[in-house]
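Below is one structure; the comments refer to it alone.
In the text below, chain A, chain B and the rest are named by the order of the sequence lines, each starting its count at 1.
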Number of protein chains: 4
Amino acid sequence: MLPPLPWHYSGDQLTVEYRTDPLAIAALLPEGVSLAHDDEDPGAVAFIWADWQCCGDDRNELLDPVRSQYHEAFVVVRCRYNDVLYSRCLFIWVDRDFALVRGHLQGYPKKLGSIHQTRPVTRGLAGPRLEAGATFGMTLAASDRRLAQATVTIEGESAGNGFVNSHAMLHHRWFPRIELDGSDSLSEVVTMSGVNVDLGPAYAGAATLEIFDSPTEELLAIAPHEILGGYFRSLGSTFNGGTTLED
Amino acid sequence: MLPPLPWHYSGDQLTVEYRTDPLAIAALLPEGVSLAHDDEDPGAVAFIWADWQCCGDDRNELLDPVRSQYHEAFVVVRCRYNDVLYSRCLFIWVDRDFALVRGHLQGYPKKLGSIHQTRPVTRGLAGPRLEAGATFGMTLAASDRRLAQATVTIEGESAGNGFVNSHAMLHHRWFPRIELDGSDSLSEVVTMSGVNVDLGPAYAGAATLEIFDSPTEELLAIAPHEILGGYFRSLGSTFNGGTTLED
Amino acid sequence: MLPPLPWHYSGDQLTVEYRTDPLAIAALLPEGVSLAHDDEDPGAVAFIWADWQCCGDDRNELLDPVRSQYHEAFVVVRCRYNDVLYSRCLFIWVDRDFALVRGHLQGYPKKLGSIHQTRPVTRGLAGPRLEAGATFGMTLAASDRRLAQATVTIEGESAGNGFVNSHAMLHHRWFPRIELDGSDSLSEVVTMSGVNVDLGPAYAGAATLEIFDSPTEELLAIAPHEILGGYFRSLGSTFNGGTTLED
Amino acid sequence: MLPPLPWHYSGDQLTVEYRTDPLAIAALLPEGVSLAHDDEDPGAVAFIWADWQCCGDDRNELLDPVRSQYHEAFVVVRCRYNDVLYSRCLFIWVDRDFALVRGHLQGYPKKLGSIHQTRPVTRGLAGPRLEAGATFGMTLAASDRRLAQATVTIEGESAGNGFVNSHAMLHHRWFPRIELDGSDSLSEVVTMSGVNVDLGPAYAGAATLEIFDSPTEELLAIAPHEILGGYFRSLGSTFNGGTTLED
């Protein structure tokens, strides 16, 4: 499940940005990582749905598409580490094992979920066009419980698709000792950014976001206090390895 | 699972057309239905993969996309009934229950399967563009067995996306008595065609198709003798009821 | 998906019986079917989870178990038809297509869902024994929403496993015309009962049941007003055809 | 997904033991690990299917069974490390994410698959009893391809359920650096054994095993040359941490 680098991704992202209590975010950051500064909107959160197709350099997976497509929903905040501003993924769900395992290698705390998002279409009556008035729906479930649902209604083209997920990612790669005695076999701080980033036009508009309670999730702790906006963008990106900051 | 008519569909179709033994097709036609004429290419078959989004007139399902998207793979031949040439679906698999139940109402012999097809992309390196040289892969599985896999490689734009699935459909709607004594409670011959058909540009090219054996399927009986070609097309269509020909 | 009769079933049933408003049940009965009499506890409901293994007479499916196992959750009330007291299934979910299609033939209004129930075990610490104090959990979800969850805690052996699902079943088999013009192609009233019924010992105790709202379901209308009890039983049964009462 | 220790497991195991080419096994062992000795049957392999229920000490997962049940298929050989004979898992598939992640922590190279096995039943005609003549079927698929299918036919009770999976497990826990430059962040050799092992009676008999080709798997390399036998056993076991042998 770990093909040789690089790993290429092409897909559609639907983003809802909102503000929550900065203290709720701080409570989810590990030691050594701090909130974004007061003038950096430290309570800002991006809840992002993505519909991905991916492959290695030989593109073999594209011909066996059961191994090249997955959905993803993830929650991103910003944080500071060694006085640098990073994006950071607090929670992430995918719907295929290869995406789960590759994400763990990168430091994403991936779990399996059931993830859906409306697709834009170019023909017929069963989907929005990429134009003002188009509404998209997004849903996330895990363990047979709906965890979140959201909508984005496009108002027009936009310079970008949000500010929260716009920095290099700061991940912790953590692996406990098999003794599970509280000590770690692996505890690294890493950063990664996509390369070959190929951005389609961005569209912005109004958004809604509902978070539901679950005995297995901590999403309610960062429920929205204020919706900032919603976005749609098609994009491509390549993962060609990250950088270990601390081990 | 049966919302009021009309039902709208938007999606992408990948088609492989091929020839098999006409006698193998004849063996799969019910009494009263005969092969296309000798000068109508009676052994022609279309194996079609489709990635659909669908909704009713209020478009509510689009905001809860777990209820609006499904994949489909189906096998179409042509036949004659009352001296009219029809398209006819021999086998069909979908991956969601609402599509299964709506299909049974229409007369499609739908079963559940696992169905995947490469998506064209507009950004990044993880997918083909709609242009010469682009290759798409399609797979079908049921009961944990791969039943078919195929590829289409685009050579250029095309006037159409095949001739086999181009007529009104002829379905039998059949329901045995609960006594299962060999008599039927329902035995109808119906026809249906999409309305509001909104066709995107068609692309044609070379194709491959492999059929695999399974203890639960009859696909091998109509395995390809000669590949005719492959196609990609985005399209929209609406189902607004069919017509009973015989009851 | 319709093997020759008979169809054999072996499995475990967990039942929660409760009372709801009889008028809410009446609103879900079709014309010609009436509530059980006042002295027959007309508001009684059984919410039943079952973990089934099934096969035809040649037992071939048992060697390809992906085709022989499914989970089921269903809601049963009693009703009167032609002055006879019947059990009647208001709602039912299964997790496999073969169970869906066979159920439609029998007249069950089956939909797909995600269904789980605790299994009793005989070894180790990860499951209850069939004895006083043992607690079982049951859950039902559809379209990525939890619809119901329940528990049964055994207090001891019992003469039976409830009274609601104890009569012959009264089903309506209904199929609209493909014109979807409000008229029907098939509208039958049928009854069926299992044969070769092989009952294991029954266990009874306390129960809980929670019903959750969903935009696609009507379960809340018959939410529990009073819990009557809970049951566990292993059993076998055979379907060898039903009887048409009215067509 | 990592509850506090201990983790309890109860379930049924179906095992097929066979011999393959010892050199094929040797090719799958990492440096520092060698084949079992010539007089220890170094080509022996156990292909094991298991149907598990699991929970932590508070047993909460048992009441939300979507989080407590999973299927597993795995391939075990024996090997020598520091002159001690161990069991070693070469390949393993599970059908739930929590089992995948917990397995990675333990050092199991888990992937997601679709896994089924016949269940013994005590009532009705749809399943074998635990007695001579009972036949069980087991299947494994991944990425929509059948990878293996097997049967076990019980001939009688047995002192054990095989010799290959009977030693402490030797796992490598390996995590590459995020630079994916060929160096590792984590490379440990660990061992683990279940505690609280609670064994039900074992049943032995004849077995069959078929392995199928797949572009993503290496199972064919260790296809059976000679079937040794098959087994059924219900058992319980607890994981309470392992021991790091080398880091």
Side chain / backbone / both / neither for [X] at chain B, heavy atoms under 4.5 Å:
X        : answer
A:Arg59  : side chain
A:Leu62  : both
A:Gln117 : backbone
A:Asp51  : both

Once rounded to the nearest 0.5 Å, what's the spacing between atom [atom1] of [X] and atom [atom2] of [Y]?
X        : Y        : atom1 : atom2 : value
B:Leu147 : B:Leu219 : CG    : CG    : 6.0 Å
A:Ile48  : A:Arg233 : CD1   : CZ    : 12.0 Å
A:Tyr70  : A:Lys110 : OH    : NZ    : 4.5 Å
A:Trp52  : B:Arg119 : CH2   : CZ    : 10.5 Å

- Answer yes when B:Asp64 and A:Arg146 have at least one side-chain N-carboxylate O distance shorter than 4.0 Å, and no when they do not.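 Yes.
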- Should the pair A:Glu217-A:Arg145 be classified as a salt bridge under the 4.0 Å nitrogen-to-oxygen rule?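 No salt bridge links A:Glu217 with A:Arg145.
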Report the option among [options] that has the most heavy-atom pairs separated by less than 4.5 Å from atoms of chain A.
options                               : value
B:Ser68, B:Gly137, B:Pro6             : B:Gly137
B:Ser234, B:Gly127, B:Cys55, B:Ala150 : B:Gly127
B:Ile115, B:Thr139, B:Val66, B:Val121 : B:Val66
B:Thr122, B:Thr151, B:Leu125, B:Leu63 : B:Leu125

- Note on the structure: Heavy-atom nearest pair, A:Asp95 first then A:Leu112, reads C-CD2, 4.1 Å
- Spell out the residues in residues 236-243 of chain B that have some non-hydrogen atom less than 4.5 Å away from a non-hydrogen atom of chain A, in order of number; otherwise answer 'none'.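 At a heavy-atom separation under 4.5 Å, chain A is reached by B:Gly236, B:Thr238.
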- Query: Are the side chain of B:Arg123 and the backbone of A:Leu199 linked by a donor-acceptor contact shorter than 3.5 Å?
  - Reply: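 It does hold such a pair.
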- Side-chain donor or acceptor of B:Gln13 paired with backbone N/O of B:Leu235 under 3.5 Å: no
- Item | Contact leader toward chain B among A:Gln69, A:His116, A:Gln149, where contacts are heavy-atom pairs under 4.5 Å |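 Winner by heavy-atom pair count: A:His116.
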- Task: Would you please classify the geometry between the A:Phe232 ring and the A:Tyr203 ring as parallel, tilted or perpendicular, with 30° and 60° separating the classes?
- Result: tilted
